[in-house]
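A short worksheet on the structure shown next.
Note that the structure is a prediction, hence the values are computed from the model and not measured. The residues of the chain are indexed from 1 along the displayed sequence.
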Amino acid sequence: MKKQLLNILTIAFAITTVGVLLDSDRVELNVVMRFVEYFAMVAIIFTILSSFYFGVKFMLNKFKFVN
């Protein structure tokens, strides 16, 4: 399970990094606000990805026991 969480976290960091690089917002934020925004996006994407992954995994295991 630890490896799965690390893989999901890596994907979340990659998606967030691509999103930050592609962001066309020209507002100059201070450094602290940039880090807060970055890690907040990582947390949001990690939560969405992990809930989707473990939800699908749970449902597949549940249906496997029914058959």
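- By the 6.0 Å contact criterion, CD on Glu37 is open, its count of non-hydrogen atoms from other residues, nucleotides or ligands being 12 or less.
- Side-chain contact check for Leu9 versus Val42: some heavy-atom pair is nearer than 4.5 Å.
- Taking CG from Leu6 and CD1 from Ile11, the interatomic distance works out to 11.5 Å, rounded to the nearest 0.5 Å.
- For the atom pair CG (Leu5) and NZ (Lys2), the distance works out to 10.0 Å, reported to the nearest 0.5 Å.
- Looking only at side-chain heavy atoms (C-beta outward), Phe13 and Phe39 come within less than 4.5 Å of each other.
- Hydrophobic clustering, with ILVMFWY side chains joined whenever heavy atoms are under 4.5 angstrom apart, groups Phe58 together with Phe63.
- Considering only residues two or more places apart in sequence or on other chains, Thr17 meets the side chain to side chain donor-acceptor pair (under 3.5 Å) condition with Tyr38.
- The CD1 atom of Ile45 sits 3.5 Å away from the OG1 atom of Thr16 when rounded to the nearest 0.5 Å.
- Contacts of Ser50 classified as side chain to side chain contact (heavy atoms under 4.5 Å, CB included), with partners at least two apart in sequence or in another chain: Ile8, Phe46, Phe54.
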